[in-house]
Amino acid sequence: MVYLVVNVRLNSLAADGRRHLFGTRWVASLAKALIQSGRRGLRREALAALLHQMGRGETSLNAKQAQRMLDALRNGLEALGGPELANRVQWPPGGKVNGPWTWLAKSSDRIEWADEPVSPLDGDFAPWGDSLPGFHTDPLSTSALRIAQEMKQVLAWTWDGDGDLLVNSLSDERLWKGCSAACTSLRWLWLGEHATAARKLELAETSLANAARALEHCDAITNGALGPVVETLRWRLKYHSNPVRHCQDVHRMALAGNHFHSRHEPVNVVAEINRLNLLMLCERRLLEQSSSLNVEEAKSMGLSIARKGHAALFLAVAASWMDRAQIVVANLAYAHQAIAKRFREMQAESEEERHLRLAVEWYAVALSYFTRFDLPENSAHEYIFLGELWQSHDRARQLFAEVAPRLPWLQHGPGEPAYYQHASALAKRLVTDRRNGATDVRRNGASNRWVERHPEGV
């Protein structure tokens, strides 16, 4: 007997309390189509047509793509139930390329489809779960914000070359209480890389083992992003343990590029950051445009938006891509600002307060990236939107006053004319590079006029 849960939306299978997330796209869709095809089986042309109807751009499926999907499906089934479950996927002699592929069903089997839409907008928003990386299981919690800030601080110490502070932070369990499996894996990976560079090989071995162990509980994207780094560190450690003895082995593996042995395919981290950031922007826009939402639907959408933002930020931090991390944080802050505005319209005060606080906090983080990592100011949006928030909402001004003591590096706050003058000058400098530069200038012009009318502030 097998109890199998097929989730097309998350591209996953689950059996006996265990779950497998596929790195190859559309594999769960293949599993569902295969099981539903019954004895007649499924041919490659029919699968291609079905996947195209489900949103796959291409109308055809070549032999290599089909074999990759079949192999991924069988590997996933074997990970869940051993060879016996993997061998349920069958084909006649010479039929692996074109089919028909069949599923060997048994009367005692129980198959469940868990891919029904769960969001108010026809399933455009994935539910919260372990299918995306992040800092904490709840992206709306203060713990998630705290852990993201600690990650930024570790990057800063790496930037400064301050190994002692870096090791103290990464080794202090109290600082990482409640962090996700992805964050745990990254934390130990960073410690292992630092220890390897310092030739502290015993600490490096322990850290590597911890990183790999945490990675086993992570989603497909995290495995694809961190898996190659973990395996590369494993070979680096082997080399440094005895360069003379292991040089040839490590050289051979490095030449072959055969260093990836995690459960999922490698991920293009740059493309994935941009994709997740774009999803966050689009979902925020959809939230703003949806006129018939109730509070529970808005909460679900807000959670999904935060989830995309945290996933993009996690990958940017993991890649030490500071300028992109800053952009993602700014977009995340504005998303919380838009969500708070929506809850204000709904008179949902507790939810409005929650997202308002997160907006102010994330704006502070966004601005801190500029100063801490000496990044070029290539956008005025952070200043503009924070200024708008500060001017339009009494509570936002109170919250910013609470955050301000932690921002000694911010020369001028949104209660001062110089803040808007700087934002306006920045927008004008960028006007030739951005289509919306004129909008930026108009926004700042309005901000400056408001300050002129209220020189004493609020």
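If you're wondering where the values come from, they're calculated on a predicted model, not measured in any experiment.
Residues S368 and K152 have side chains that bring a donor and an acceptor to within less than 3.5 angstrom of each other. A donor-acceptor pair shorter than 3.5 Å can be found between the side chains of Q326 and E382. Side chains of S304 and E283: a donor on one and an acceptor on the other come within 3.5 Å.
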Item to complete: Give the C-alpha distance, both sets of side-chain angles, the deciding distance and a yes or no for side-chain contact (heavy atoms from CB on, under 4.5 Å) between F400 and L389.
Response: CA-CA 10 Å; F400 188 83; L389 180 63; over 6 Å; no
Worksheet item: Going through the checks in order, is the side-chain contact (heavy atoms from CB on, under 4.5 Å) test met by E272 and L276?
Response: CA-CA 6 Å; E272 194 63 20; L276 291 164; 4.0 Å; yes
Discussion item. The test is ring pair (Phe, Tyr, Trp, His ring centres under 6.0 Å); show your working for Y420 and H422 and say whether it passes.
Written reply: CA-CA 5 Å; Y420 302 97; H422 173 74; over 10 Å; no
Discussion item. If you apply the rule ring pair (Phe, Tyr, Trp, His ring centres under 6.0 Å), what do you find for H310 with W362, and how did you get there?
Written reply: CA-CA 11 Å; H310 280 239; W362 282 114; 5.5 Å; yes
Worksheet entry | Residue pair R354, D138: steps toward the salt bridge (Lys or Arg N to Asp or Glu O under 4.0 Å) verdict | CA-CA 13 Å; R354 183 183 202 182; D138 181 4; 3.5 Å; yes
Item to complete: Please assess S241 against H246 for the test side-chain contact (heavy atoms from CB on, under 4.5 Å), listing each intermediate value before the final yes or no.
Response: CA-CA 8 Å; S241 67; H246 298 304; 3.5 Å; yes
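Checking each of L166, L170, V229 against W190 for a side-chain contact (heavy atoms from CB on, under 4.5 Å) leaves exactly one that passes, namely L170.
Shown here for L356 and A396, the closest heavy-atom pair between the two residues is CD2-N, 4.0 Å. Of all heavy-atom pairs between A182 and G134, the closest is CB-O, 4.1 Å. The minimum heavy-atom distance between V269 and A319, with the atom names listed, is CG1-CB, 4.2 Å. Of all heavy-atom pairs spanning A359 and A333, the tightest one is CB-O, 3.6 Å. Of all heavy-atom pairs spanning R234 and L208, the tightest one is CA-CD2, 3.6 Å. For R213 against N210, the heavy-atom pair with the smallest separation is NH1-OD1, 2.8 Å.
The pair E288-R284 meets the salt-bridge criterion, since a charged nitrogen lies less than 4.0 angstrom from a carboxylate oxygen. Between E351 and R342 there is no salt bridge, since no side-chain nitrogen of the basic residue lies less than 4.0 Å from a carboxylate oxygen of the acidic one. The pair R395-E353 counts as a salt bridge, with a side-chain nitrogen and a carboxylate oxygen less than 4.0 angstrom apart. In this structure, D394 does not pair ionically with R344, as no charged nitrogen and carboxylate oxygen lie closer than 4.0 Å. Between D172 and R187, none of the side-chain N atoms (NZ, or NE/NH1/NH2) sits under 4.0 Å from a carboxylate O, so this pair counts as no salt bridge.
Using the six-membered ring where Trp is involved, Y369 and F373 have ring planes that are tilted, between 30° and 60° apart.
From F135, atom CZ reaches atom CD of Q149 across 10.5 Å, with rounding to the nearest 0.5 Å. Here the CG atom belonging to L186 is positioned 8.0 Å from the CH2 atom belonging to W176, to the nearest 0.5 angstrom.
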